[in-house]
2 protein chains.
Amino acid sequence: MTSNDPIPHGTERALCASSGFNLPALRGHNTALLLGLLRAAGADGVSRLELAERSGLTPQAVSKITARLRAEGLAADAGRRASTGGKPRTVWRLVPGARHAVGLHLDRDEIIAVLADLAGTPVAVRRAPLAFGAGAGAVLERVAEEVAAVRTRSSAPQVLGVGVACPGPLDHASGVLHRVTGAPHWDGFPLRDALAERLGLPVVVDKDTNAAALGLVGSAADGGAGSFAYLHLGTGLGAGLVLDGGLYRGPRTGAGEFGHQVVQWNGPPCGCGRRGCVEALCLAAVARGDLPGAARVLGVGAANLVELLDVDRVLLGGRTVRERPDVFVAGVADELAAQAAARGRTGPPVRVTTAAGGARAVADGAAQLVLGPLFGPRRQAAGTPPGGPA
Amino acid sequence: MTSNDPIPHGTERALCASSGFNLPALRGHNTALLLGLLRAAGADGVSRLELAERSGLTPQAVSKITARLRAEGLAADAGRRASTGGKPRTVWRLVPGARHAVGLHLDRDEIIAVLADLAGTPVAVRRAPLAFGAGAGAVLERVAEEVAAVRTRSSAPQVLGVGVACPGPLDHASGVLHRVTGAPHWDGFPLRDALAERLGLPVVVDKDTNAAALGLVGSAADGGAGSFAYLHLGTGLGAGLVLDGGLYRGPRTGAGEFGHQVVQWNGPPCGCGRRGCVEALCLAAVARGDLPGAARVLGVGAANLVELLDVDRVLLGGRTVRERPDVFVAGVADELAAQAAARGRTGPPVRVTTAAGGARAVADGAAQLVLGPLFGPRRQAAGTPPGGPA
DNA sequence: CCACTTAAGCAACGCTGTTGCCAAAGTGCA
DNA sequence: TGCACTTTGGCAACAGCGTTGCTTAAGTGG
C-alpha cells in the first residue's frame with residue numbers, strides 16, 4: 001500500500017549535476033529554491049520581490065510559483081509590510097504544518113523518535129529504551145511502534161517519509177548497515193528497504209553524526225551557505241562535515257571518521273589498532289577527569305580539520321560535551337586561536353560553539369534527511385565564472 | 001578592448017545551486033553537460049543514443065544540441081559505428097581546436113605557460129625563469145610576454161581566458177594574493193583584475209595544488225565522478241581536494257593545507273610554530289636521505305585524510321615524489337593498507353598512484369580553471385532521493 | 001529483392017519563465 | 001477631499017526549451 005505522494009510537484013526531481021535537465025526538473029528546481037528561501041525567512045516571512053531578488057527569478061515567475069505553493073497549502077500570506085510610498089508588499093511564509101517527516105535516532109540502547117514539521121520543529125517526541133543488539137525483527141517491530149506512536153500524536157499530518165540515524169558504519173546510498181558493534185547479525189542488513197516495506201513510507205538512512213550535522217545546516221547565525229564541522233563526543237568521537245552548504249558523505253558514506261585521526265603517531269595504542277588517535281587520547285583524558293586536557297586534544301584534531309577543510313565554524317555536541325560545554329568550547333577555541341596565530345592567519349577566527357538541540361539533535365537531523373531535499377540543493381556553484389576584463 | 005566572446009551559447013550561465021533557473025540557463029546546462037560527455041569520450045567519440053542514455057535527455061534533444069554544437073564548430077561527426085542490424089550510429093567527437101585557454105604556473109623562480117585546447121592537450125608550452133619576488137609591474141610584464149608568446153605559437157586560436165596557479169595563500173573568488181613568501185609587497189595584490197586588464201582576457205586565479213588537482217579530474221581511470229586527494233611534495237607539502245567530482249576550495253580558498261597537519265603533537269617544532277607537522281617530519285626525512293621514512297610519514301597523514309574524507313584514491317606528485325615515485329607510492333600504500341586492516345575495512349583498498357603530467361601538471365591544471373566551466377558542473381547531487389516503498 | 005531493424009530528422013506540442021501592459025492599493029501634497 | 005505619484009501584483013501574449021508522434025534514411029539478413 002503506497003502512502004500519500006511524498007514529493008510535491010510531480011515525480012520529476014531537480015537533478016543538479018551530471019543529469020539532463022528538462023522542463024519538469026526546472027520547475028521542481030525553482031519551486032524547491034523558493035521553498036528554501038521561505039524556510040530561511042522563518043516566521044518573519046518574505047515578500048515576492050525579495051524572493052525574486054534572492055532567487056534571480058523575475059517577480060512574475062515568483063508570483064506564479066507562490067500561487068502554486070499556496071494552492072498546495074505549502075505557503076500562505078502573512079500580512080503586509082509597511083508601505084514605502086506605494087502599494088505595500090504582501091509577506092509570504094511557509095506553512096510548517098503542511099507536511100511532516102519522522103526522524104529516528106537509533107542508538108545502542110535507546111530510540112528517539114520525532115515528528116517534525118516543514119520548519120523542522122518537532123510536534124511530537126518519544127524516547128524509549130531499545131535493545132539494538134537484539135534480532136532485526138524485534139527491532140523493526142519496536143521502530144514501527146514508535147513511528148506509529150508519533151504519527152498519531154498529531155491530527156493526521158501528511159508524512160513524507162522516515163529518516164533514520166544510526167551509529168554506522170553504513171551505506172547511505174543503499175541503506176545497508178555494515179557493522180553494529182557487538183551484534184554481527186546486523187552485518188549487511190538492508191535497513192532502508194526493510195523499514196520502507198514495513199512502514200509503507202520512503203526511508204532514508206544515514207550516520208548519526210551526519211544527521212546531526214544536517215540538522216544544524218542553516219541553524220547557525222550566518223544563514224549557512226558555508227562550511228562547518230560538527231564534532232560529536234559521546235561514547236565515541238565522530239564528525240559530520242558540511243562543505244559549501246551541503247553534507248559531505250564521501251563515496252561510501254565513510255566521511256567524518258574523526259575519532260581515529262592520528263595526532264601522536266608514537267602515542268598510546270587505540271582500540272582500532274593504531275596509535276595516538278584523537279578518540280583514544282580524548283577519552284582517556286575524560287576517564288581521568290581531565291576535561292580541559294580532553295578539550296585540548298580535541299582542539300588539536302579540530303585544528304588539523306580546520307587547516308585541511310577551511311571551515312567557517314566548529315560545532316561541538318554529544319553527551320560528554322554537554323556535561324561541561326564551556327570547558328570544551330574554551331579548550332578547542334584556544335587551540336584554534338593558537339594555530340591561527342602561529343600560521344599568521346588574518347581575518348576572523350573560526351567560531352567554536354556548542355550545537356543546538358541537545359539530546360534530540362540527532363533525531364531532529366534525521367527528519368531533515370527527508371525534509372532537506374524539498375528545499376533544494378544547498379550547494380554553491382562549483383567554480384567561480386571567469387570575470388571579464390574591466 | 002574586449003576579446004572574442006569567452007563563453008559560447010550566450011552570456012547566461014548554468015547556475016547550479018542557490019540560483020533561479022530560467023530557459024537560457026537550462027539550455028546552457030544541457031549544452032555543457034553534452035560537451036562534458038563528449039570530452040569524457042575522448043577521441044573514440046560517442047553516438048547520439050549513448051549521449052542520450054548518459055545524460056538522461058531524449059535522443060531528439062541530443063540531436064538538437066549536437067546540431068548546435070556542430071554549427072558552432074565545437075563538435076563534429078567522426079565516422080560511424082558497426083551496424084547492429086539497422087542503420088549504424090553516427091559517432092560524434094569534440095573538436096579540440098575550436099577553443100583554447102592559457103594556463104600559467106607561477107612558481108617562486110620560474111613560469112610555465114601552456115596553451116591548451118578543449119581536450120586539455122597543450123599545443124604550446126614555454127618555460128622561463130621568473131623572479132617572483134620582484135616588483136609586481138615587472139612580473140606582470142613578464143607574464144604578458146609569455147602569454148603573448150604561447151598565443152602566437154598556434155594559428156590564431158580562439159582563447160577563452162587565462163588560468164593562473166600560484167603557491168598561495170590567496171583568494172580564488174576575488175583573485176587577490178594574500179602572502180608571497182619573502183615578498184611582502186605582494187600582500188593583497190589584485191592579481192586577477194590586474195592581469196585581466198593587462199591582457200584583455202578573463203583571468204582565474206587559484207592555488208597551485210588546486211590547479212594540479214583540477215587537472216587530474218577525469219584523467220584517472222574510473223571516469224572520475226568520485227573523490228580523490230592530490231598530495232604535492234616539493235619545496236613544501238600541500239594538497240588539492242576533489243570531493244564528489246568537484247574541486248573543494250573552502251570558503252576562503254584555504255582548503256588543502258595538508259602540510260601542517262599535526263601527526264605528532266609532542267614532536268619536533270615546525271617552522272609554522274606548531275609541533276609534529278607532516279611537512280616538517282617529511283622534509284626532515286627527505287633531508288637525511290630517508291625517502292622510505294618520508295613516505296611513511298606522508299602515509300600517516302594520508303591515512304588521516306582518507307579516514308576523514310573517504311576518498312577513492314590518493315595521487316602523489318611534486319618534485320620530491322618524482323625523484324623516487326615507486327618508494328613514495330609503496331610507502332603511502334602500505335600505511336593506508338595497514339590502517340584499513342586495523343579498522344576492519346572491507347572493500348577495495350584506496351588506490352595510490354603518481355599523478356600524470358610531471359612538471360607541467362600545474363600549468364595544465366591552470367588551463368582547466370578556464371576550460372572546466374564549459375563542461376558543466378562536475379558535482380553529484382547533494383542527497384539521494386528517498387526511495388519509495390517496494 | 002524484400003522484410004526487418006535501427007538511427008535520425010521534421011513538425012506539432014506542452015510547458016517553462018519572460019515581457020508588456022494594466023489594475024490594485026497605498027502615500028503625500030494641494 | 002481629491003488628485004498625482006509610487007509601488008505591487010495579475011493577466012495575456014510570447015519565445016524557447018525538451019518531448020512526442022511520425023516519417024525518412026540506411027543499414028542487415030534471409
Side-chain angles (χ1 to χ4, degrees), chain A residues 9-15 19-34 37 45-71 75-92 376, chain B residues 9-15 19-34 37 45-71 75-92 376:
Chain A
H9 327 299
T11 55
E12 297 272 0
R13 290 180 49 77
L15 301 171
S19 223
F21 229 159
N22 56 14
L23 235 45
L26 181 144
R27 172 178 170 149
H29 174 91
N30 287 339
T31 307
L33 180 65
L34 288 200
L37 291 173
V46 228
S47 73
R48 283 187 183 83
L49 284 131
E50 286 161 350
L51 287 173
E53 191 177 359
R54 292 177 200 176
S55 66
L57 298 172
T58 59
Q60 182 62 31
V62 172
S63 275
K64 284 187 179 179
I65 295 171
T66 49
R68 282 203 304 263
L69 290 176
R70 180 174 51 189
D77 52 53
R80 330 197 124 175
R81 285 275 161 75
S83 168
T84 61
K87 179 172 176 177
R89 302 183 173 181
T90 311
V91 174
W92 289 77
Chain B
H9 328 297
T11 55
E12 296 273 0
R13 290 181 48 79
L15 301 170
S19 222
F21 229 156
N22 56 13
L23 235 45
L26 182 145
R27 173 179 169 148
H29 174 92
N30 287 339
T31 305
L33 181 65
L34 289 200
L37 292 173
V46 228
S47 73
R48 283 186 183 81
L49 285 140
E50 287 161 350
L51 287 173
E53 192 176 0
R54 292 178 201 175
S55 66
L57 297 173
T58 60
Q60 183 62 30
V62 173
S63 275
K64 284 187 178 179
I65 295 171
T66 49
R68 280 203 303 264
L69 290 177
R70 179 174 52 191
D77 52 55
R80 328 200 125 174
R81 283 277 161 73
S83 168
T84 61
K87 178 173 177 176
R89 300 183 175 183
T90 310
V91 173
W92 289 76

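These numbers come from the heavy atoms of this one structure, side chains and all, not from hydrogens, waters or symmetry mates.
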Given [options], which nucleotide is nearest the side-chain atoms of [X]?
X	options	result
Lys64(B)	dG14(C), dG27(D), dT19(D)	dT19(D)
Lys87(A)	dT7(D), dA8(C), dT6(C)	dT7(D)
Pro88(B)	dT7(D), dG9(D), dA26(D)	dA26(D)
Leu23(A)	dT18(C), dG14(C), dA25(D)	dG14(C)

Side-chain N or O of [X] less than 4.0 angstrom from OP1 or OP2 on [N]?
X	N	result
Asn22(A)	dC17(D)	no
Arg81(A)	dG26(C)	no
Arg80(B)	dA7(C)	no
Ser83(A)	dA25(C)	no

Interatomic distance where [atom1] belongs to [X] and [atom2] belongs to [N] [whole Å]:
X	N	atom1	atom2	value
Arg27(A)	dG16(D)	CZ	P	22 Å
Leu51(B)	dA7(C)	CG	P	13 Å
Asn30(B)	dT19(D)	CG	C1'	13 Å
Arg68(B)	dG18(D)	CZ	P	6 Å
Leu26(B)	dT19(D)	CG	C1'	13 Å
Phe21(B)	dT18(C)	CZ	P	12 Å
Arg70(B)	dA8(C)	CZ	P	11 Å
Glu50(B)	dA7(C)	CD	C1'	12 Å

Looking across every strand, which nucleic acid part, if any, lies under 4.0 Å from Ser47(B) by heavy atom: base, sugar-phosphate, or nothing?
nothing
Taking N and O atoms by type only, does the side chain of Gln60(B) place a donor or acceptor under 3.5 Å from a partner on the base of dC10(C)?
yes
pair [X]-[Y]: side-chain heavy atoms closer than 4.5 Å:
X	Y	answer
Leu34(B)	Leu37(B)	yes
Arg70(A)	Asp77(A)	yes
Ile65(A)	Leu51(A)	no

Start at the 5' end of DNA chain D and walk down; is the nucleotide closest to Ser63(A) or to Gly86(A) reached first?
Gly86(A)
For DNA chain D, whose closest nucleotide is more 5', that of Arg89(A) or that of Ile65(B)?
Arg89(A)
Backbone N or O of Gly20(A) within a donor-acceptor pair of the Asn30(B) side chain at under 3.5 Å?
no
Heavy-atom nearest pair, Ser55(B) first then Leu33(B), reads CB-CD2, 3.8 Å
